[in-house]
Amino acid sequence: MDERKYNMAEEVKVFSTWASPFALRVIWALKLKGVEFDTVHEDLINKSPLLLQYNPIHKKVPVLVHDGKVICESLVILEYIDETWKQNPLLPEDPHQKANARFWAKFGDDKVMQSIGGGVLLKEGKEQEEGFAASMENLKYLEEEIRGKKFFGGETIGLADIALGWLAHYLDIVEEIVGLKLIDQEKFPSLAAWKQEFANAPIIRENWPDRDKLVTKYVVVREANLGKGTPK
Amino acid sequence: MADEVTLLDFWLSPFGMRVKIALAEKEVKYEYSEQNLMNRKSDLLLKMNPVYKKIPVLVHHGKPVCESLIILQYIDAVWKGKAPLLPSDPYERAQSMFWADFIDRKVHDISKKLWTTKGEELEAAKKDFFECLELLERELGEKPYFGGEALGYVDIALLPFSCGFYTYETIGDFSIEARFPKIRAWVDRCLKKESVAKSLAEPEKVHEFILETRKGLGFD
């Protein structure tokens with residue numbers, strides 16, 4: 001057990017929004033490690049002066065403040081959390097396996113989220129067809145990677161699971177809004193199984209944002225994007 | 001002792017240069033395999049990086065590592081004995097990772113616009129580029145390197161883009177030395193190190209390549 005828990009009270013704050021899948025990663029990681037923290041709820045239309053002071057470059061959530069030390073960018077924060085609180089490690093010790101976990105986390109952000117969010121949710125017609133096709137390619141790679149494993153991290157939840165975890169809740173919402181099935185049980189049986197496993201895992205299952213509120217929010221975002229005619 | 005390290009790379013890639021600098025800093029012997037990206041991608045590349053089909057790829061004991069920053073972290077973890085790239089303190093590491101991420105998100109795309117756009121678009125790209133360099137110069141401060149007293153992760157992430165500085169200045173009609181003297185001084189300081197000098201492409205060759213590409217894109 002990390003002796004830090006028994007020493008002076010640490011101050012851990014997470015700046016987040018109710019809907020942010022990125023902030024959710026940080027919340028999951030801290031809770032999985034049993035780290036106590038306070039949440040500062042932000043309204044992105046009306047960002048607090050403190051958020052702008054802590055994250056002047058990107059002006060986004062999440063931000064982690066640990067005993068006055070400020071860390072931004074969710075994947076950077078996850079690595080910081082894993083190095084600072086050693087219980088329930090998110091990354092393996094072996095450098096090649098570590099590199100692999102980081103690769104899939106980054107693939108999730110650079111490719112999967114882009115194709116599903118930008119390419120499917122925010123588009124229609126031919127553009128959406130292209131986004132859908134790209135998403136299928138990307139999901140195929142994830143299917144191959146997860147095959148034979150309970151989690152991307154192996155037997156326990158790891159960095160890649162946390163980074164890709166949004167798929168286990170937000171994807172259903174995208175599918176409902178656009179009327180398309182992305183993670184089809186027949187096409188991607190291993191990924192579908194992982195989705196279930198992850199969505200229902202302890203801690204994860206207690207922290208999903210409200211489904212109906214998310215549907216409402218993303219319908220608005222989609223319509224705003226289509227109305228404007230310019231990609232986000 | 002053969003450590004079986006191969007680097008799949010393309011001479012012009014700033015991402016590949018990052019890996020070359022890191023391997024040189026750590027004095028790792030490796031086989032360099034130039035991948036001609038203009039032709040059909042090699043079977044080796046497709047096997048080692050099936051997802052992105054891109055370079056750089058570091059192959060160590062037959063196993064690939066892809067994505068340049070992930071490769072840098074791998075190199076730092078495996079060859080621990082010499083020239084640490086990342087700080088050992090978790091907070092300092094996080095700051096280095098933040099800035100490398102910033103460089104990835106901003107510098108590459110913006111600097112590409114400096115030679116693929118013109119008119120208003122070019123002016124907008126210049127403005128973004130200057131904002132980037134301003135932030136980076138502020139982060140560098142009075143330190144000799146972004147890493148502090150020694151070359152580190154952030155230095156290595158940014159250095160390859162300096163190969164294009166002469167080209168951007170010529171096309172964009174501005175001077176980095178005049179606007180960002182600390183950045184210019186930092187580049188010159190780093191170039192004095194052998195690991196950097198032999199890893200970066202020559203600005204003249206980069207310039208030639210970019211001018212040829214611009215002709216193909218329809219620029220004067």
Side-chain angles (χ1 to χ4, degrees), chain A residues 4 22 26 54-58 60 62-86 91-112 114 134 137-145 159-160 163, chain B residues 4-5 15 19 48-54 56-80 86-109 128 131-132 134-136 138-139 153-154:
Chain A
R4 193 186 293 265
F22 304 100
V26 176
Y54 285 151
N55 194 355
I57 291 176
H58 300 303
K60 283 180 178 176
V63 175
L64 181 80
V65 186
H66 176 214
D67 288 340
K69 293 176 284 197
V70 180
I71 300 113
C72 307
E73 288 303 301
S74 62
L75 294 184
V76 176
I77 296 172
L78 290 180
E79 300 251 0
Y80 175 82
I81 289 172
D82 208 37
E83 283 158 25
T84 304
W85 294 281
K86 302 255 194 251
L91 280 168
E93 283 293 316
D94 173 71
H96 193 264
Q97 286 178 29
K98 218 181 250 198
N100 201 47
R102 289 171 172 152
F103 177 88
W104 291 107
K106 193 166 192 291
F107 176 73
D109 278 4
D110 289 352
K111 293 287 179 186
V112 184
Q114 288 300 315
E137 278 301 306
N138 294 330
L139 291 173
K140 242 184 247 160
Y141 290 122
L142 291 183
E143 173 74 12
E144 281 170 35
E145 179 59 21
L159 183 89
Chain B
E4 286 184 44
V5 183
F15 305 103
V19 181
M48 290 295 155
N49 193 354
V51 174
Y52 289 107
K53 307 172 180 58
K54 283 185 178 177
V57 181
L58 188 78
V59 186
H60 186 209
H61 295 314
K63 291 191 281 193
V65 184
C66 306
E67 296 297 289
S68 63
L69 292 183
I70 295 176
I71 297 173
L72 291 189
Q73 289 169 56
Y74 177 84
I75 289 171
D76 208 29
V78 171
W79 290 278
K80 278 201 267 272
L86 280 159
S88 47
D89 171 70
Y91 173 68
E92 298 299 328
R93 282 173 81 87
Q95 297 315 300
S96 293
M97 290 173 75
F98 174 86
W99 283 104
D101 174 76
F102 172 82
I103 290 162
D104 259 8
R105 275 170 204 272
K106 303 275 183 182
V107 179
H108 181 246
D109 289 347
D128 287 341
E131 272 173 29
C132 257
E134 202 180 299
L135 285 167
L136 287 165
R138 209 180 302 162
E139 173 58 20
Y153 188 73
V154 179

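Numbered from 1 within each chain, the chains take letters A, B, ... in sequence-line order.
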(message) Quick check for you: among Lys98(A), Glu137(A), Lys106(A), which has the greatest number of heavy-atom pairs under 4.5 Å with chain B?
(response) Lys106(A)
(request) Please report the shortest heavy-atom distance between Tyr141(A) and Phe107(A), naming the atom on each side. (result) CD1-CZ, 3.9 Å
(message) Among Glu79(A), Lys140(A), Glu144(A), which residue has the highest count of heavy-atom pairs closer than 4.5 Å to chain B?
(response) Glu79(A)
(message) Tell me whether the rings of Phe102(B) and His58(A) are parallel (<30°), tilted (30 to 60°) or perpendicular (>60°).
(response) tilted
(request) Select one option (side chain, backbone, both, neither) describing which atoms of Asn100(A) are under 4.5 Å from chain B's heavy atoms. (result) neither
(message) Main chain of Cys72(A), side chain of Asn55(A): is a donor-acceptor contact present, judged purely on distance under 3.5 Å?
(response) no
(message) Under the criterion salt bridge (charged side-chain N to carboxylate O under 4.0 Å, His left out), I'd like the reasoning laid out for Arg105(B) against Glu73(A): C-alpha separation, chi angles, the key distance, then a yes or no.
(response) CA-CA 12 Å; Arg105(B) 275 170 204 272; Glu73(A) 288 303 301; 2.5 Å; yes
(message) Out of Glu131(B), His60(B), Gln73(B), Glu67(B), return the one with the most heavy atom pairs under 4.5 angstrom to chain A.
(response) Gln73(B)
(message) Between Ile57(A) and chain B, with a heavy-atom cut-off of 4.5 Å, which part of the residue counts as in contact: side chain, backbone, both or neither?
(response) side chain
(message) Please classify the contact between Phe103(A) and chain B as side chain, backbone, both or neither, with a heavy-atom cut-off of under 4.5 Å.
(response) both
(request) For residues Arg102(A) and Gln97(A), determine if any side-chain heavy atom of one lies less than 4.5 Å from a side-chain heavy atom of the other. (result) no
